[in-house]
Amino acid sequence: MIECKNICKTYVNGDVSTQAVRGISFKIEKGEFVAIIGPSGSGKSTLMHILGALDTPTSGQYSLDGKEISKMSEDELSDLRREKIGFVFQAFNLLPRTTVMRNVMLPLLFSELPMKKREEMAKKSLKYSGLDDEKLYNNFSNQLSGGQIQRVAIARALINDPAIILADEPTGNLDTKTSHIVMNAFQELNRNGHTIVLITHEPEIANFAKRIISVRDGVIEKDTRNI
Amino acid sequence: MIQDLLGETIRSLSGNKVRSGLTILGIVIGIASVIALVAIGQGAQNSVASSIESIGSNLIMIMPGSQRVGGISQGAGSSETLTEADAEAIGQISGVGVVAPSVTGRYQITAKGNNTNTETIGTVPDYVTVRNVSMDIGSFFSQQQVSSSAKVAVLGPTTRDDLFGENANPVGQTVRINKIEFKVIGVTTEKGGSGLSSQDDMIYVPLTTAQHFLAGNNYINNINITATDQSLMTSVQEEVTNLLLARHKISDSSNADFRIMNQNDIVSTATSVTSTFTVLLSAIAGISLVVGGIGIMNMMLTTVTERTREIGLRKAVGIRKIYINLQFLAEATMLTFVGGFVGIIAGWIASIVLSSFLSITPEISTTSIFLAFGVSAAIGIVFGFYPARKAASMNPIEALRYE
Ligand SMILES: Nc1ncnc2c1ncn2[C@@H]1O[C@H](COP(=O)(O)OP(=O)(O)O)[C@@H](O)[C@H]1O
Ligand SMILES: [Mg+2]
């Protein structure tokens, strides 16, 4: 369902240009659980943004479900991001001074769904992500601990029950125990049919996935399957 | 969807109360000052115009001019050149309605132990017609009383209040003008109007009485006449000028020993002064509008970084661009409308409060409301919406990384 052909991304900042991704090709089928691993600065986040239709490659083709992303209109891209892709950012990117519930319901804004239904969906999503304590749901996002923020970010990604979940270092700031809980949640999601791609720089976390793609300096070094 | 739009707008504005409050304050100050200052300027203009109109209609005034003695100008109004004979001759000109010669002087007036210093006008009964004087109590003096130099007086309402107490009926009582006793026979109706000299603080006495007992000579220092029709004003003025030049044996009109003015000249001079005043006030108001506008710009622009990230996030989770634009437009609009509404009310209150000190009736002009509102709405919407629109066109990652 995900197909990348020779993706390159170059950032130009004045006179300096950085080649973050230089020719990456791979396919990911529906239902896979893929970990992308590599050292810091190797282009993982850049690649993930392209997979999430948040950024466009400088060259190369990326198609999702057989549709070429670069040929889509802005609104089609918005709809795609909202309906098919759940994205967990490396920096989480929650709205400050906004409650947990509102953060999780953000993707549903301006939809036809009534408020009741949205709240139901948000609660379900939060429980699924391991945030059981309903008392926290009306707290502002900036009053939460790192682990709780992480789960709210995951819950927001899950709210539309997306086919693909993309997570950029979802265990980056978590202790080992909490990391394992989060990874178990991803495994559970994968068992329920979601395609999952996550980034990590820890081999131990990558081992939760069924397939590991190693990148270094913007190119694929290794693509192995875990059995 | 509309609910979401309103909800998001209100939540976003109330989420940052200080920012929203200060932005609204900038708009309020800008709009209120324009409305208040223009209203006061307009009110002053109206009050000057109406107090001039209350003097009379189709009025032409003749005053002594500067007399040249051996080539030296003696200053306007200083000469004693007009006589009753001049007034009578003017009455013969066709197109002249009523002629009322008068002498004026300021004297100490006393009655019942009170005293005041008031303009005393010695004139004839026709003065009533010429200057739109009407009687509240009693009657004006008659031609007969003028002929017999009767010591009777008609008081203006303010003078009456000063001497006899508010709304008292002084008819039949005695006042002393310059220590000479006069019998009060009437009180004129209040004319209101301030600014120039008050028409209500006056004493009227028969012309001959004033000449004999107060001035001590036979000159007159004012001839008020009316034209029978507005269209005759210019020609009457010309004929009067020619007549007086001939009577005073002056061949060069630039050496005239009298001045002649008609009411239209006075109105237009006065309105040109007051409209300068209004322009000045409007300019001050305009400056505060600009300052308010810069405040709005500053507020809106300083939050762009924060807003750009928020917009990036909204786009990243798949909200369509149109909704993002709509939300920011709604925010900017709501800010300017709340500010505008409060500003209009504040301006209205301010103009009432200010004008109570200045004793003029403020006239709130819709033009100033629309102008002030339009300018601040434009600033608010351009600087609130334009950066948001720009951010909404970025790709989500660019917007999220914006610094
Ligand atoms: N917006 C950007 N502008 C310029 N350079 C960037 C930008 N984003 C990332 N880079 C650079 O591209 C390279 C890859 O970054 P990134 O994809 O974030 O790596 P990773 O997520 O693997 O740490 C790094 O050298 C980084 O500095
Ligand atoms: Mg990264």
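Each chain gets a letter, A, B and so on, in the order its sequence line appears, and its residues count up from 1. If you're wondering where the values come from, they're calculated on a predicted model, not measured in any experiment.
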Enquirer: Any chance you could measure B:Ile322, atom CD1, to A:Ser78, atom OG, to the nearest 0.5 Å?
Expert: 11.5 Å

Enquirer: How about A:Tyr128: does its OH atom have over 12 heavy atoms from other parts shown lying under 6.0 Å from it?
Expert: yes

Enquirer: Is any side-chain heavy atom of A:Arg156 closer than 4.5 Å to a side-chain heavy atom of B:Leu313?
Expert: yes

Enquirer: Select, from B:Ile319, B:Leu326, B:Ile2, the one with the greatest count of heavy-atom pairs under 4.5 Å involving chain A.
Expert: B:Ile319

Enquirer: My understanding is that only one of A:Ile85, A:Leu106, A:Asn160, A:Ile159 makes a side-chain contact (heavy atoms from CB on, under 4.5 Å) with B:Val317; could you say which?
Expert: A:Leu106

Enquirer: Would you please go through residues 15-22 of chain B and name the residues with a non-hydrogen atom below 4.5 Å from one of chain A, in numerical order?
Expert: B:Gly15, B:Asn16

Enquirer: Below 4.5 Å, heavy atoms only, C-beta onward: do B:Arg314 and A:Leu109 meet side chain to side chain?
Expert: yes

Enquirer: Is it the backbone or the side chain of A:Phe110 that comes under 4.5 Å from a heavy atom of chain B, or both, or neither?
Expert: both

Enquirer: Measuring heavy-atom distances to chain A, does B:Arg11 have an atom under 4.5 Å in its side chain, in its backbone, in both, or in neither?
Expert: side chain

Enquirer: Flag the pair A:Asn93 / B:Arg309 as yes when at least one side-chain heavy-atom distance between them is below 4.5 Å, and no otherwise.
Expert: no

Enquirer: Of the backbone (N, CA, C, O) and the side chain (C-beta and beyond), which part of B:Ala399 lies under 4.5 Å from a heavy atom of chain A, both, or neither?
Expert: neither

Enquirer: Give a yes or no on this: more than 12 heavy atoms of other residues, nucleotides or ligands lie within 6.0 Å of atom NZ of B:Lys321.
Expert: yes

Enquirer: Tell me which of these, A:Arg81, A:Glu74, A:Glu112, has more heavy-atom pairs under 4.5 Å with chain B than the rest.
Expert: A:Arg81

Enquirer: Could you tell me whether A:Arg216 atom CZ has more than 12 heavy atoms of other residues or ligands within 6.0 Å of it?
Expert: no

Enquirer: Looking at B:Pro396 and A:Leu54, what are the two nearest heavy atoms and their distance?
Expert: CD-O, 3.2 Å

Enquirer: Between B:Asp4 and A:Arg118, is there a side-chain N and carboxylate O pair less than 4.0 Å apart?
Expert: yes

Enquirer: What is the distance from atom CD of B:Glu310 to atom OG1 of A:Thr98, rounded to the nearest 0.5 Å?
Expert: 7.5 Å

Enquirer: Measuring heavy-atom distances to chain B, does A:Ser111 have an atom under 4.5 Å in its side chain, in its backbone, in both, or in neither?
Expert: backbone

Enquirer: Side chain, backbone, both or neither: which part of B:Leu5 has a heavy atom under 4.5 Å from chain A?
Expert: both

Enquirer: Among B:Glu398, B:Lys315, B:Gln3, B:Gln327, which residue forms the greatest number of heavy-atom pairs with chain A at distances under 4.5 Å?
Expert: B:Lys315

